[in-house]
Amino acid sequence: MPRIAYVNGLYRDLRDACVNVEDRGYQFADGVYEVCEVRGARLVDFSRHMTRLQRSLRELRIAEPMPVAALAIIMREVVRRNRVTYGMVYLQVTRGVARRDHAFPPNPVKPSVVITAHALNYEKKQQIAATGIKVITLPENRWPRVDIKSVSLLPNVLAKQQAREEGAYEAWYVDRDGFITEGASSNAWIVTADGRAVTRSVDVGILAGITRAVLMDVMKALQISLEERPFTPEEAREAAEAFVTSATQVVMPVVAIDGQVVGNGQPGGITRRLREEFHRFSAFS
Ligand code: PMP
């Protein structure tokens, strides 16, 4: 299987693809990223991901490296060259290359762009979704600007590793007031006993997930009621259902939280339905 990455204007074999050691992404995590799901070799909800990318760049005062239409062409080309029909495409934009100094480069530099893509195992993913995943909770320890999709992911890396070491797949952060914010790489949801979906509002403490936003359209169409409010680990453990959303997990059932079974320990009915219906409401490009 070919492994090709786009790096600053060139399509390169992954073994030879490299960035400058003074790239600010490498030295300061001074950059942002997006991940799109790939289905049928097409990009899922590409426009919404690009709107969020533009916002992240604006918030960090990094210039847009090129028009979105050009990014679309390159992302599709990376998908094609890697022969990905089902999987993910990753886009990273950093502030660029400059002599090491924390403050922005005094003379503007060109942002660096890296795009990679790889296949995921569809059957395996479906199997995981059929049994559901376990999550752990841990104290929120990220910076307050988690609304920016920054490549600075050290707390998320440590949280995921802790989850793995404890036999779980995802970690949910709990803020100082005792409410779940989101997962280390996903948004967190529960379903109440009377069938209402609950997730935290994007106003504070979470990333505005694209899957989360599309799922809200799905819920409206399926007449599943939605509450945007914080919830605690206790409420989550006692909920009828729980799940996470992200571009690559789509709607992934959660069957245990901190070792306590959710519902009957099987993926919930509403969760399964949302997963099945999701792509009827997403855009393909
Ligand atoms: N929160 C965090 C911290 C994430 O890393 C992700 C995945 N990128 C999400 C939420 C879900 O976002 P999306 O649905 O856009 O993938």
Side-chain angles (χ1 to χ4, degrees), residues 29 31-39 43-57 59 75 87-93 115-118 120 125 129 133 135-163 169-175 179-190 197-219 226 228 230-231 242-254 271 274-275 278-279 281-285:
V32 301
Y33 74 105
E34 282 295 330
V35 172
C36 290
E37 187 190 21
V38 177
R39 280 211 170 207
L43 310 182
V44 178
D45 296 316
F46 173 77
S47 311
R48 292 201 199 206
H49 281 279
M50 289 306 104
T51 302
R52 185 174 64 187
L53 174 77
Q54 290 171 318
R55 179 184 180 277
S56 295
L57 290 170
E59 291 296 314
M75 286 167 79
M88 57 101 94
V89 56
Y90 174 84
L91 160 69
Q92 176 174 312
V93 181
I115 299 170
T116 57
H118 65 250
L120 293 167
K125 196 70 106 187
I133 61 163
V135 305
I136 58 167
T137 62
L138 41 75
E140 179 66 82
N141 62 354
R142 299 173 301 162
W143 74 325
R145 293 307 310 274
V146 294
D147 56 302
I148 300 170
K149 201 162 169 59
S150 145
V151 294
S152 176
L153 290 170
L154 199 45
N156 312 59
V157 166
L158 295 178
K160 280 275 188 183
Q161 181 60 22
Q162 188 177 331
Y169 191 81
E170 178 59 300
W172 282 359
Y173 291 113
V174 179
D175 70 14
F179 293 107
I180 289 164
T181 55
E182 63 178 336
S185 67
S186 60
N187 289 116
W189 298 73
I190 57 170
V198 182
T199 196
R200 189 180 174 103
S201 140
V202 292
D203 295 344
V204 66
I206 69 167
L207 179 75
I210 303 303
T211 319
R212 175 189 181 281
V214 174
L215 193 64
M216 289 184 175
D217 298 343
V218 182
M219 286 172 177
L226 164 72
E228 283 184 87
F231 58 89
F243 61 91
V244 297
T245 53
S246 79
T248 52
Q249 305 301 325
V250 192
V251 175
M252 182 56 75
V254 169
T271 306
L274 290 170
R275 182 178 177 86
F278 184 87
H279 289 96
F281 297 86
S282 45
F284 291 84
S285 53

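Keep in mind it's a predicted model, so treat the numbers as computed, not measured. Atoms within a ligand are numbered from 1 in the order they appear, just like the ligands themselves.
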Looking only at non-hydrogen atoms, find the nearest pair between [X] and [Y] and report the distance.
X	Y	result
Ala184	Lys160	CB-CG, 3.9 Å
Asn156	Ser152	OD1-O, 4.5 Å
Val35	His49	O-CE1, 3.0 Å
Tyr173	Glu140	CB-OE1, 3.4 Å
Leu207	Asp147	CD1-O, 3.5 Å
Gly205	Arg142	O-NH2, 3.5 Å

## Note on the structure
closest protein heavy atom to atom 1 (N) of ligand 1 is Glu182 OE1, 2.6 Å

## Note on the structure
If you scan protein heavy atoms around atom 9 (C) of ligand 1, the nearest is Ser186 CA, 3.6 Å

Closer than 4.0 Å to some heavy atom of [X] - which atoms of ligand 1 meet that?
X	value
Gly209	12 (O), 13 (P), 14 (O), 15 (O)
Asn187	10 (C), 11 (C)
Gly183	3 (C)
Ala247	13 (P), 14 (O), 16 (O)
Tyr33	5 (O)

### Message
Between Arg212 and Glu182, does any NZ, NE, NH1 or NH2 come within less than 4.0 Å of an OD or OE carboxylate oxygen?
### Response
no

Once you restrict to heavy atoms under 4.0 Å, what part of [X] touches ligand 1? Side chain, backbone, both or neither.
X	result
Thr245	backbone
Ile210	both
Tyr173	neither

### Task
Have a look at Arg52, Lys149, Gln249 and point out the one with the heavy atom closest to atom 8 (N) of ligand 1.
Lys149

#### Entry: Among Ser246, Ala208, Ser185, closest by any non-hydrogen atom to atom 6 (C) of ligand 1
Ser185

### Task
Given side chain to side chain donor-acceptor pair (under 3.5 Å), test Gln249 with Ser186 step by step and report yes or no.
CA-CA 8 Å; Gln249 305 301 325; Ser186 60; over 6 Å; no

### Message
If I apply the N/O under 3.5 Å rule, does His49 come out as touching ligand 1?
### Response
no

#### Entry: Thr211-ligand 1 polar pair, N/O distance under 3.5 Å
yes

### Task
For the pair Phe243 and Trp189, name the ring-plane relationship: parallel under 30°, tilted 30 to 60°, perpendicular over 60°.
parallel

### Message
So, 4.0 Å and heavy atoms of Ala184: is ligand 1 close enough to count as a contact?
### Response
yes

### Task
Could you give me the CA-CA distance, side-chain angles and deciding distance for Cys36 and Val44, then say whether side-chain contact (heavy atoms from CB on, under 4.5 Å) is met?
CA-CA 6 Å; Cys36 290; Val44 178; 5.8 Å; no

